[in-house]
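Read through the structure below, which is laid out as structure tokens, and then see the notes.
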Amino acid sequence: MTPLDPHRSTATDSHRNTGTGSDRGTGTDPHRGPGTDPPPYAVQAPLGRSGVSVSRLGLGTAPLAGLFSAVGADEAAATLDAAWGAGLRYFDTAPHYGAGLAERRLGDFLTAAGRPRTEYTVSTKVGRLLVPGDSAPGDEAFHGDEGLVRVRDYSPAGVYRSLAESLERSGLDAFDIVLIHDPDDHWEETVRGAYPALARLRAEGGVRAIGAGMNQTGMLTRLVRETDLDCVLVAGRWSLLDRTAADELLPLCAEREVGVLVGGVFNSGILAAPTPGATYDYAPAPEAVLRRAQDLARRCAAHGVPLAAAALQFPYRHPAVTSVVVGARSAREVAENVDHATREIPQELWDELDALGTDAP
């Protein structure tokens, strides 16, 4: 099977925001000559019926804001430069990432060099406000700026304030996609506050697409069924180790033409390097999960394929998936992700992994 088998949402661009929709995110890759096709991971794909397009591989900015360990400003800039040079044009960020550090670093990179706004797509999130308070390195797994703490707020006022502060931090004129971030225990506030506020912004043209980003599928499925989201970002639930998104969420998104962004393809690390001490869902991996990941790695190696390459390409095998969002903390990691995205994976390996499902030893 060729890398990034071009399964896509069957959605059309016949929804809202058609005036500034699919023309965004169509920048050229400086490594390609005139008239040449972009590499598969840099191809622009429509995000459901929103009119927004995103590159098939996106860059997540949480690691650039010190997820698990600090990253210097120069290294963060070099990482973003490597991603841009490789042709990535979709960037995902959030106030939560480094208490605003990710938004500042991403915004500085995109605006400092005068990159045309029509050449890239950016998503940010709402649901956490940043307020002065005592913090320390490692708060909520981030080693970044200190002196700010996160306060959950899914009210309309909280949404508008969060978005205004994100725009100020980033220096961007607008965000293309805004996601409700981790509203797990806040259903009522989300459907009565955050969602209506974002829907109003979308109707007024203040944002082009709205959605929700979570590490679970149950609430995302309910939101897709009961509201008018343009997209979802599902993290860790459509991976080689956890395929629960295929039970209800992905079929429903395909039916309703809701774009699907997939994050957490390495399940926070274990599918990149299944060694003792690896993390699974941001915590030390249970022994049974570690053994399962190591078994997957052995089977991939028997076909000459790195486990990380299979993990990165796996989500594209469902036609509802538009883009895979992968974080990186260095230019080297960007290069590794691009290599994984372009690695040839034989159908025989996919068949073997499918036969194992998620019940492998």
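Taking 4.0 Å as the cut-off between side-chain N and carboxylate O, R208 and D230 do not count as a salt-bridged pair. Contact check on R256 versus D228 returns no salt bridge, with no Lys/Arg side-chain nitrogen under 4.0 Å from an Asp/Glu carboxylate oxygen. Ionic pairing of D295 and R299 is present here: one or more N-O contacts between side-chain nitrogen and carboxylate oxygen are shorter than 4.0 angstrom. Salt bridge annotation for D108-R169: absent, with no cationic side-chain nitrogen under 4.0 angstrom from a carboxylate oxygen. Under a 4.0 Å N-O distance rule, the pair D339/R332 does not qualify as a salt bridge.
Considering every non-hydrogen atom in both N337 and L312, the closest pair reads O-CD1, 3.7 Å. Between L353 and C300, the shortest heavy-atom contact is CD1-SG, 4.3 Å. In plain terms, the two heavy atoms of V43 and P38 that are nearest each other are CG2-CG, 4.0 Å. Taking both residues in full, the closest heavy atoms of A308 and H340 are given as CB-NE2, 3.4 Å, listed atom of the first, atom of the second, then distance. Considering every non-hydrogen atom in both S55 and S323, the closest pair reads O-OG, 2.7 Å.
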Without placing hydrogens or testing angles, list every side-chain donor-acceptor pair under 3.5 Å for residues 156-164, not counting sequence neighbours.
unit_1	atom_1	unit_2	atom_2	d
R161	NE	E165	OE2	2.9

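Counted by atom type alone, Y90 and S123 present one or more donor-acceptor pairs between their side chains at under 3.5 Å. With 3.5 Å as the limit, one finds no donor-acceptor pair spanning the side chains of D281 and S268. Between T121 and D176, the side chains place no donor N or O within less than 3.5 Å of an acceptor N or O (distance only, hydrogens not considered). Of the N and O atoms on the side chains of E248 and T217, not one donor lies less than 3.5 Å from an acceptor on the other residue.
Using a 4.5 Å heavy-atom threshold, the side chains of I177 and V122 count as separate.
Scored by the ring pair (Phe, Tyr, Trp, His ring centres under 6.0 Å) test, F314 finds W238 as partners (sequence neighbours excluded). Legend: residues meeting side chain to side chain donor-acceptor pair (under 3.5 Å) with D182, ordered by chain and number and at least two apart, are R128. With sequence neighbours left out, Y154 forms a ring pair (Phe, Tyr, Trp, His ring centres under 6.0 Å) with H186.
In this structure, V131 shares a hydrophobic cluster with V149, V151, the cluster being traced through Ile, Leu, Val, Met, Phe, Trp and Tyr side chains under 4.5 angstrom apart.
Residue R152 places its CZ atom among more than 12 non-hydrogen atoms of other residues, nucleotides or ligands, all under 6.0 Å distant. The environment of R192 atom CZ is sparse: at most 12 non-hydrogen atoms of other residues, nucleotides or ligands sit within 6.0 angstrom.
The side chain to side chain donor-acceptor pair (under 3.5 Å) analysis of residues 59-78, with sequence neighbours excluded, yields the pairs T61-T93, S69-R329.
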**OP:** Apply side chain to side chain contact (heavy atoms under 4.5 Å, CB included) to L290 and I270, showing your working.
**Re:** CA-CA 7 Å; L290 178 60; I270 192 168; 4.2 Å; yes

